[in-house]
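Data block below; observations after.
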2 protein chains.
Amino acid sequence: MTYRVFIVDDHHMVIEGLRSLLGDEKEIELAGHATSVATCRAFLQRQLPDVILMDISLPDGNGMDLCREVRALYPSVFVIGLSTFSQQSFIHKMMEHGASGYLLKNATKEELLEAIRDVVKGKIYLSEEASQIMKKDNPPAVVLTRREQEVLALIAEGLTNNEMAQRLFVSTATIDTHRKNLLTKLDAKNTATLVRKAVQQELIQV
Amino acid sequence: MTYRVFIVDDHHMVIEGLRSLLGDEKEIELAGHATSVATCRAFLQRQLPDVILMDISLPDGNGMDLCREVRALYPSVFVIGLSTFSQQSFIHKMMEHGASGYLLKNATKEELLEAIRDVVKGKIYLSEEASQIMKKDNPPAVVLTRREQEVLALIAEGLTNNEMAQRLFVSTATIDTHRKNLLTKLDAKNTATLVRKAVQQELIQV
DNA sequence: ACCGGCATCCCCTATTTCGGGGATATTTTA
DNA sequence: TAAAATATCCCCGAAATAGGGGATGCCGGT
């Protein structure tokens with residue numbers, strides 16, 4: 001049984017590295033590679049690999065969304081996330097979007113092979129770092145409502161309650177309530193802490 | 001003339017990729033690789049390559065500092081920074097610390113070879129993205145005084161002027177002045193903007 | 001010896017945020 | 001369909017920040 005593996009990554013060095021690592025494995029057949037979401041889509045319309053090794057950052061999109069798309073359209077294709085970062089948000093999103101595994105780019109050949117073997121069997125493979133991150137009941141992900149997200153973003157942009165109220169066509173009292181709820185949810189006691197924690201938890205992009 | 005190239009990167013895939021890309025170039029001789037600052041140091045004590053391809057993030061340190069160290073100890077060795085990120089701070093610091101070039105990991109084989117050829121001649125090689133970042137007279141780096149940095153950090157931690165005054169054994173009026181100066185320097189009109197901009201400009205680490 | 005930058009302190013007032021409440025209507029969801 | 005979540009609005013008062021202004025001493029470098 002040989003597994004057909006497709007690579008999606010915009011770093012030539014990584015593609016070359018993977019080809020070199022996997023190239024002479026009998027059980028692996030390299031189906032090719034793509035350096036963007038678009039070319040990956042194009043490829044999949046013509047043929048399906050067993051496994052896709054997918055970087056999370058692509059020039060024309062991101063691996064998280066692409067992963068969900070692939071899983072929805074081609075349920076037989078397993079996806080392994082690949083990235084330099086061990087940021088929880090990436091790993092979480094990738095897994096939530098149907099990935100079967102996650103590897104950091106410092107993975108060894110053995111880890112790679114093990115991951116591929118595992119996922120084609122329907123198992124989940126997480127690298128050491130990734131599984132640690134998934135395990136640690138990481139900061140019970142704050143859940144913000146749509147409105148709260150909006151207000152949070154505007155706060156970070158420097159708007160006052162008054163300005164936000166005008167912008168969103170509501171009373172300042174409403175904004176004030178949202179603001180208080182944000183402070184509570186993020187366990188912040190003032191705006192400074194609120195913004196810092198929001199950045200930390202990737203609720204706003206800096 | 002063949003150039004001896006040494007690789008410092010903690011990502012096996014990247015190392016493999018580089019070996020694969022450069023391995024069969026006649027003008028390149030791969031001197032070896034290291035996956036940490038420590039092993040790099042050890043290697044250099046025994047032999048010197050012409051060029052080091054150096055990742056900016058290493059498990060036991062970072063490429064920026066290592067770069068400076070290498071240039072100080074072995075001026076004949078040229079360093080090319082290597083990373084996934086095109087963050088200005090990295091590129092800047094790398095170049096300030098004596099690097100001769102900077103490549104992103106999506107560089108092609110041609111770029112790699114060109115970079116190596118250039119730097120051994122004493123020239124500077126920057127990838128397209130890197131040079132753009134160096135060029136754009138990037139946000140005229142805000143310069144904060146020692147005290148301002150302290151206060152900024154404490155603001156981001158959520159301390160009020162009063163609390164900071166106590167912590168630093170000065171009057172709240174003093175803190176207030178620093179705070180105003182921070183707002184002016186960072187062109188922020190309130191705390192929220194101040195914190196966000198401070199994070200953006202890496203004046204505080206999140 | 002002088003100048004500039006820095007840190008320190010003070011005054012004033014207006015605006016904004018924080019910390020408690022409580023209330024009601026509309027969605028969502030279980 | 002009933003319960004929960006969300007979004008909306010309001011009150012109060014205390015605390016903190018913002019925006020002006022000005023002033024003094026210290027230290028390092030030319």
Side-chain angles (χ1 to χ4, degrees), chain A residues 68 92-93 96-97 137 139-204 206, chain B residues 139-204 206:
Chain A
R68 179 166 53 189
H92 267 103
K93 227 174 223 155
E96 275 168 19
H97 288 194
D137 43 342
V142 175
V143 178
L144 300 185
T145 69
R146 188 170 313 241
R147 211 47 162 173
E148 284 163 353
Q149 291 176 39
E150 281 185 275
V151 172
L152 177 57
L154 294 179
I155 289 174
E157 280 189 26
L159 301 214
T160 66
N161 289 353
N162 258 308
E163 292 165 338
M164 288 186 268
Q166 293 189 346
R167 178 87 72 95
L168 301 179
F169 306 108
V170 295
S171 144
T172 61
T174 305
I175 301 293
D176 191 55
T177 303
H178 289 314
R179 192 167 196 139
K180 287 172 186 170
N181 291 337
L182 283 167
L183 288 176
T184 306
K185 285 194 178 180
L186 291 196
D187 187 31
K189 69 170 198 181
N190 57 30
T191 306
T193 326
L194 179 67
V195 173
R196 186 174 51 76
K197 290 201 171 186
V199 172
Q200 275 176 346
Q201 302 185 29
E202 303 172 70
L203 298 170
I204 54 180
V206 191
Chain B
V142 175
V143 178
L144 300 184
T145 68
R146 186 172 313 236
R147 212 46 162 175
E148 284 164 353
Q149 292 177 37
E150 280 185 277
V151 172
L152 177 57
L154 294 179
I155 289 174
E157 280 189 28
L159 300 214
T160 66
N161 289 353
N162 259 308
E163 293 165 337
M164 288 186 268
Q166 293 189 346
R167 179 86 73 95
L168 301 179
F169 305 108
V170 294
S171 147
T172 60
T174 305
I175 301 292
D176 192 55
T177 303
H178 289 315
R179 192 168 196 137
K180 287 172 187 171
N181 291 337
L182 283 167
L183 289 176
T184 306
K185 285 194 179 180
L186 290 196
D187 187 31
K189 70 170 198 181
N190 57 32
T191 306
T193 326
L194 180 67
V195 172
R196 187 175 49 75
K197 290 201 170 187
V199 172
Q200 274 176 346
Q201 302 185 29
E202 302 172 70
L203 298 170
I204 53 180
V206 190

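Here is how names work: the chains are called A, B, and so on, in the same order as the sequence lines, proteins then strands, and each is numbered from 1.
In this structure, B:Asn162 reaches the D:dA16 phosphate: one of its side-chain N or O atoms is under 4.0 Å from OP1 or OP2. Listed pair B:Asn161 / D:dT17 meets the phosphate criterion, a side-chain N or O lying under 4.0 Å from OP1 or OP2. Phosphate proximity of C:dC9 to B:Thr174: present, with a side-chain N or O under 4.0 Å from OP1 or OP2. Proximity of B:Thr191 to the phosphate of D:dA18: a side-chain N or O atom is located under 4.0 Å from OP1 or OP2. Contact check, A:Arg146 against D:dT6: no side-chain N or O comes under 4.0 Å of OP1 or OP2. Dashed line: the shortest gap from a side-chain N or O of A:Thr160 to OP1 or OP2 of C:dT15 is not under 4.0 Å. For the pair B:Arg179 and D:dA18, the criterion of a side-chain N or O lying under 4.0 Å from OP1 or OP2 is met. For B:Thr145, no side-chain nitrogen or oxygen approaches OP1 or OP2 of C:dG5 to under 4.0 Å.
Under 3.5 Å, the side chains of A:Thr184 and A:Asn181 contain no donor-acceptor pair of N or O atoms.
Counting to the nearest Å, the C1' atom of D:dT17 and the CD1 atom of B:Ile175 are 14 Å from each other. Taking atom CG on B:Leu194 and atom C1' on D:dA16, their separation rounds to 15 Å, with Å as the unit. A straight line from CD1 of B:Ile155 to P of D:dT17 spans 8 Å, rounded to a whole angstrom. Computed from coordinates, the A:Lys180 NZ to D:dC11 P distance equals 12 Å when rounded to whole Å. Going from atom NE2 of A:His178 over to atom C1' of C:dC18 covers 17 Å, rounded to whole Å. As a whole-Å value, the separation of A:Lys189 NZ from D:dA16 P is 8 Å. C:dT16 atom C1' lies 10 Å from atom CE of A:Met164, rounded to whole Å. Between the CG atom of B:Asn181 and the C1' atom of D:dG21 there is a distance of 14 Å, given to the nearest Å.
For A:Arg147, whose side chain is taken as the heavy atoms from C-beta onward, the closest listed nucleotide among D:dG19, C:dC9, D:dA7 is D:dA7. Residue A:Val170 places its side chain closer to D:dC9 than to any other of C:dC18, D:dA7, D:dC9. Checked against D:dA7, C:dC18, D:dG19, the side chain of B:Asp176 finds its nearest nucleotide in D:dG19.
Using a 4.5 Å heavy-atom threshold, the side chains of A:Leu168 and A:Val151 count as touching. Side-chain contact between A:Val142 and A:Asp187 is absent, with no heavy atoms from C-beta onward closer than 4.5 Å.
The local environment of NZ in B:Lys197 is crowded, with over 12 non-hydrogen atoms from other residues, nucleotides or ligands closer than 6.0 Å.
B:Thr191 contributes atom OG1, which lies 6.5 Å from atom CD1 of B:Ile155 (distance to the nearest 0.5 angstrom).
Counting distance only, with no hydrogens placed and no angle test, the side-chain atoms of A:Thr177 and the base atoms of D:dC9 include a donor-acceptor pair under 3.5 Å.
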